[in-house]
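What follows is a short report on a single structure.
Computed over heavy atoms, backbone and side chain alike; hydrogens, waters and symmetry mates excluded.
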Amino acid sequence: MFTLSTRTLLILIVGIALILNSFAAAGIASAEPTGERDTHAHHSTGAVDSPGDSFDCPFSSGASLSLANSTVTSIVFLAGHSRSDGPDPLEHDLRKELHDDIHQTSGTYVSDLRETYDIHRSTLRYHLDVLERRGLVSSDTIFGQLWYAPVGSDGNELRAALTNDTIGEIVDSIALLEPVSVTELASEVERSPSTVSYHLERLEYEGVIEQERRSTTVLSRLASDVRTELESLEDSADP
């Protein structure tokens, strides 16, 4: 028995409404000038409309055809996306590649995916949204950027930090020297104290590090769960 999905049914309803609205708008646009001509003629001749009088059909105007065409284009666009968002979202080649990439890397930024696949941001976000709606990936904002990872994955903040050369170097140095001061870190990574302080604030906000003040010195160390995750990553990287 033929059944329509909820999404397809909604598209049909919206499409019909758009077509009716287009014809109605075109009818108003074409009827107004006709009405003005009729009124002028009646005032001039004193003629009175009768049931047999002819009238201009608003649906014959070029405006209605133009609106109808644009409506059909919109419906075809929606139908195309509905078709690509079918029962199995991974049947779509690009979407499967995105899914596999995210799972193989255990997480990545949208900006990195754009560089890899060289596609428009809106197209990329559409397919990522489909994957997320189907429960195949999850998203979060980390260090001010949108991050996608496998559902239920842990350590996203640490993985995101390690994708940035400077932040990753700071994290590695903290792991080696903790508890460590800003001055010591700046010397270790060869960055200015202000740059190191900026990144430390972001790392603390994301829960990657913890800071404590001793007298006039602020010391940084990895959060306990992050240290465990980092050790696990290092072990899995070993041959």
Open item on the list: So for atom CD, which belongs to E190, do other residues, nucleotides or ligands contribute more than 12 heavy atoms lying within a distance under 6.0 Å?
Closed with: no

Open item on the list: For R159, is there an ion pair with E229 - N to carboxylate O distance below 4.0 angstrom?
Closed with: no

- [ ] Quickly, which of V182, T183, L177 forms a side chain to side chain contact (heavy atoms under 4.5 Å, CB included) with V180? Name it, please.
- [x] L177

Open item on the list: Using 0.5 Å steps for rounding, measure from the CG atom of L158 to the CG atom of D154.
Closed with: 11.5 Å

Return all side-chain donor-acceptor pairs below 3.5 angstrom for residues 112-119, not counting sequence neighbours, or 'none' if the list is empty.
| unit_1 | atom_1 | unit_2 | atom_2 | d |
| --- | --- | --- | --- | --- |
| T116 | OG1 | D112 | O | 2.9 |
| Y117 | OH | E97 | O | 3.1 |
| Y117 | OH | D101 | OD2 | 3.3 |

- [ ] For the pair T105 (side chain) and G107 (backbone), establish whether a donor and an acceptor sit closer than 3.5 Å, ignoring hydrogens and angles.
- [x] yes

Task: Exam field: side chain R191 to backbone V196, donor-acceptor pair closer than 3.5 Å - done: no

- [ ] Look at the side-chain heavy atoms of Ile, Leu, Val, Met, Phe, Trp and Tyr, link any pair under 4.5 Å apart, and say whether L146 and I102 land in one connected group.
- [x] yes

Open item on the list: As a quick check of understanding, evaluate side chain to side chain contact (heavy atoms under 4.5 Å, CB included) for E212 and V218, giving each step before the final call.
Closed with: CA-CA 6 Å; E212 61 174 318; V218 176; over 6 Å; no

TODO: Fit a plane to each ring of Y109 and W147, take the angle between them on a 0 to 90° scale, and name the class: parallel (under 30°), tilted (30 to 60°) or perpendicular (over 60°).
DONE: perpendicular

Task: Backbone of A149 reached by a side-chain donor or acceptor of S153 within 3.5 Å - done: no

Task: Residue pair R134, E132: steps toward the salt bridge (charged side-chain N to carboxylate O under 4.0 Å, His left out) verdict - done: CA-CA 5 Å; R134 297 302 183 91; E132 187 168 17; over 6 Å; no

TODO: List the steps, then state whether salt bridge (charged side-chain N to carboxylate O under 4.0 Å, His left out) holds for D100 with K96.
DONE: CA-CA 6 Å; D100 293 346; K96 185 177 188 309; 2.8 Å; yes

Open item on the list: Any side-chain to backbone donor/acceptor pair from T228 onto S224? Under 3.5 Å, distance only.
Closed with: yes

Task: Non-hydrogen side-chain atoms of L219 and Q211 separated by less than 4.5 Å - done: no

Task: Shortest non-hydrogen contact from A175 toward R227 - done: O-NH2, 3.1 Å

Open item on the list: Would E184 and S181 count as a side chain to side chain donor-acceptor pair (under 3.5 Å) here? Give the steps.
Closed with: CA-CA 5 Å; E184 291 173 314; S181 68; 3.2 Å; yes

Open item on the list: Would T195 and S192 count as a side chain to side chain donor-acceptor pair (under 3.5 Å) here? Give the steps.
Closed with: CA-CA 5 Å; T195 298; S192 68; 2.8 Å; yes

- [ ] Compare all side-chain heavy atoms of D172 with those of V189 and state whether any distance is below 4.5 angstrom.
- [x] no

Open item on the list: What verdict does the side chain to side chain contact (heavy atoms under 4.5 Å, CB included) test give for V137 and L98, after you've listed the backbone C-alpha separation in whole Å, the side-chain angles of each residue and the deciding distance to 0.1 Å?
Closed with: CA-CA 10 Å; V137 300; L98 291 170; over 6 Å; no

Open item on the list: With heavy-atom distances below 4.5 Å as the criterion, would you say the side chains of S220 and E210 are in contact?
Closed with: no

TODO: Without swapping roles, check the side chain of H103 against the backbone of L136 for a donor-acceptor pair under 3.5 Å.
DONE: yes

Task: side chain to side chain contact (heavy atoms under 4.5 Å, CB included) between N156 and D140, worked out - done: CA-CA 9 Å; N156 289 321; D140 195 7; 5.8 Å; no

- [ ] Locate the shortest heavy-atom distance separating P150 from S138; write the atom from each residue and the value.
- [x] O-OG, 3.7 Å

Task: Transitive ILVMFWY side-chain link L233 to I142, under 4.5 Å - done: yes

Open item on the list: Just so I know, are the side chains of V110 and R121 near enough to count as touching, which here means a heavy-atom distance under 4.5 Å?
Closed with: yes

- [ ] With sequence neighbours excluded, give me every ring pair (Phe, Tyr, Trp, His ring centres under 6.0 Å) pair touching residues 180-204.
- [x] none

- [ ] Report yes if some heavy atom in the side chain of L203 is under 4.5 Å from a heavy atom in the side chain of I170; otherwise report no.
- [x] yes

Open item on the list: Between L162 and V171, is there a side-chain heavy-atom distance shorter than 4.5 Å?
Closed with: yes

Task: Evaluation steps, side chain to side chain contact (heavy atoms under 4.5 Å, CB included), between Y205 and E157 - done: CA-CA 10 Å; Y205 177 81; E157 292 78 10; over 6 Å; no

- [ ] Check whether any side-chain heavy atom of L128 lies under 4.5 Å from a side-chain heavy atom of S139, and answer yes or no.
- [x] no

- [ ] Say whether I209 and I167 are linked into one hydrophobic cluster, either directly or through other cluster members, by side-chain heavy-atom distances under 4.5 angstrom.
- [x] yes

Task: Considering all heavy atoms, the nearest A223-G207 contact - done: CB-O, 3.5 Å

Task: Validation row: E188, E169 side chains within 4.5 angstrom (heavy atoms) - done: no

Open item on the list: Ignoring hydrogens, what is the shortest heavy-atom contact between Q145 and S111? Give both atom names and the distance.
Closed with: OE1-OG, 3.3 Å

Task: R202 bridged to E206 by N-O distance under 4.0 Å - done: no

